Asker: 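This is the structure I have questions about; it appears just below.
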Amino acid sequence: QVQLVESGGGLVQAGGSLRLSCAASGTIFTINDMGWYRQAPLKQRELVARITSGGTTNYADSVKGRFTISRDNAKNTVYLQMNSLKPEDTAVYYCNAQIRGSVTVPLISDYWGQGTQVTVSS
């Protein structure tokens, strides 16, 4: 069993900062890509940022220059540093990870966290 546990959401004023964390635990052999997605009310879930196991990153255009994704492979943890937050960043943020749980079975599965609310007031 694998779990992703997120933390760090909350309420912040426009222009402020928050740092999200997501730790993977359980039966883990390797973790490939990790990422953050978000879903605002009445909107589809969208990619915010992703990072490969080697550290290559990509970002949604709307957050480039403001958000930074990073990971600590030793801790199976991914972070999202969010600066210069805007009201339109308000959403539930979800962590995602592609995890291989077995040494002997080369199966990679997609896992999601439970989501953490980020609210940016104007």
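Nothing here was measured: the structure is a model prediction, and the numbers come from that model. Side chains are part of it too, since the values below use all heavy atoms of this structure and drop only hydrogens, waters and symmetry mates.
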Asker: Please list, chain by chain and in numerical order, all residues satisfying side chain to side chain contact (heavy atoms under 4.5 Å, CB included) with Gln81, sequence neighbours excluded.
Answerer: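 Gln81 satisfies side chain to side chain contact (heavy atoms under 4.5 Å, CB included) with Ser17, Arg19, Thr68, Asn83 once adjacent residues are dropped.
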Asker: Should the pair Lys64-Asp61 be classified as a salt bridge under the 4.0 Å nitrogen-to-oxygen rule?
Answerer: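 Between Asp61 and Lys64 there is a salt bridge, with a charged N closer than 4.0 Å to a carboxylate O.
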Asker: Ignoring hydrogens, what is the shortest heavy-atom contact between Ala49 and Leu80? Give both atom names and the distance.
Answerer: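 Looking at all heavy atoms of both residues, the shortest contact is CB-CD1, 4.3 Å.
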Asker: Grab the two heavy atoms, one from Val120 and one from Thr90, that are nearest each other, plus how far apart they are.
Answerer: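 Shortest heavy-atom separation between Val120 and Thr90 comes out as N-OG1, 2.9 Å.
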Asker: Under the salt bridge (charged side-chain N to carboxylate O under 4.0 Å, His left out) rule, collect the residues that match up with Arg71, sequence neighbours excluded.
Answerer: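 Applying salt bridge (charged side-chain N to carboxylate O under 4.0 Å, His left out) to Arg71 gives none.
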Asker: Check for me, please, whether Trp36 and Val12 land in the same ILVMFWY cluster - side-chain distances under 4.5 Å, paths through other members count.
Answerer: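 Yes, because Trp36 and Val12 connect within a single hydrophobic cluster, where side-chain heavy atoms sit under 4.5 Å apart.
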Asker: To check you understand the geometry: which heavy-atom pair defines the closest contact between Ser122 and Pro87, and what is its length?
Answerer: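 Answer, listing the atom of Ser122 first, then Pro87: CB-CG, 3.8 Å.
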Asker: Supply the atom-to-atom distance Asn76 CG to Ser25 OG, rounded to the nearest 0.5 angstrom.
Answerer: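 The CG atom of Asn76 sits 8.5 Å away from the OG atom of Ser25.
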Asker: Among Tyr94, Tyr93, Trp112, find the one that has a ring-ring contact (aromatic ring centres under 6.0 Å, His included) with Tyr37.
Answerer: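 One option only clears the test, and that one is Trp112.
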Asker: So does Gly115 get a backbone contact from the side chain of Glu6, meaning a donor-acceptor N/O pair under 3.5 Å?
Answerer: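 Yes: the side chain of Glu6 pairs with the backbone of Gly115.
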Asker: Is the shortest side-chain heavy-atom distance between Gln117 and Leu11 below 4.5 Å?
Answerer: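 No, side chains not in contact.
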Asker: Of all the heavy-atom pairs spanning Ala97 and Ile31, show the shortest one and how long it is.
Answerer: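 The answer is CB-CG2, 4.3 Å.
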Asker: Are any of the side-chain heavy atoms of Ile99 and Asn32 separated by less than 4.5 Å?
Answerer: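 No, their side chains stay 4.5 Å or more apart.
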Asker: Which value, rounded to the nearest 0.5 Å, describes the distance between Gln13 atom CD and Ser121 atom OG?
Answerer: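 Separation between the atoms: 5.0 Å.
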Asker: Would Leu20 end up clustered with Val92 when hydrophobic side chains under 4.5 Å apart are linked, directly or stepwise?
Answerer: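 No, separate clusters.
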Asker: With rounding to the nearest 0.5 angstrom, report the OG1 to CZ distance, Thr30 to Arg100.
Answerer: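 Result: 6.0 Å between the selected atoms.
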Asker: Taking the side chain as every heavy atom from C-beta outward, state whether Asp33 and Ile51 have any pair of such atoms under 4.5 Å apart.
Answerer: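 SC-SC contact between Asp33 and Ile51 ruled out.
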Asker: Linking I/L/V/M/F/W/Y whenever their side-chain heavy atoms sit closer than 4.5 Å, directly or via other members, would Val48 and Tyr79 fall into one cluster?
Answerer: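 Hydrophobic grouping puts Val48 apart from Tyr79.
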Asker: How would you list, by chain and number, every residue that makes a side chain to side chain donor-acceptor pair (under 3.5 Å) with Ser62, sequence neighbours excluded?
Answerer: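 Arg38.
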Asker: Rounded to the nearest 0.5 Å, what separates atom CG in Asn58 from atom CD1 in Ile69?
Answerer: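 Taking CG in Asn58 and CD1 in Ile69, the distance rounds to 8.0 Å.
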Asker: In the single-linkage hydrophobic clustering (I, L, V, M, F, W, Y; side-chain heavy atoms under 4.5 Å), do Met34 and Tyr59 co-cluster?
Answerer: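 In one cluster with Met34: Tyr59, yes.
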Asker: Measuring from Ile108:CD1 to Ser102:OG, what's the distance to the nearest 0.5 Å?
Answerer: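 One gets 11.5 Å once the value is rounded to the nearest 0.5 Å.
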Asker: More than 12 heavy atoms of other residues, nucleotides or ligands under 6.0 Å from CD of Glu88: yes or no?
Answerer: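 Yes.
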Asker: List for me each residue that meets ring pair (Phe, Tyr, Trp, His ring centres under 6.0 Å) alongside Phe67, sequence neighbours excluded, and say none if there are none.
Answerer: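 Phe67 satisfies ring pair (Phe, Tyr, Trp, His ring centres under 6.0 Å) with no residue once adjacent residues are dropped.
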Asker: What's the shortest heavy-atom distance between Gln114 and Leu4, and which atoms?
Answerer: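 Minimum heavy-atom contact is OE1-O, 3.5 Å.
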Asker: Can you list the other members of the hydrophobic cluster that holds Val103, where links are side-chain heavy atoms under 4.5 angstrom apart?
Answerer: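 ILVMFWY cluster around Val103 also holds Phe29.
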Asker: Listed by chain and number, what are the side chain to side chain donor-acceptor pair (under 3.5 Å) partners of Asn96, not counting sequence neighbours?
Answerer: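 Asn96 satisfies side chain to side chain donor-acceptor pair (under 3.5 Å) with Arg50, Asp110 once adjacent residues are dropped.
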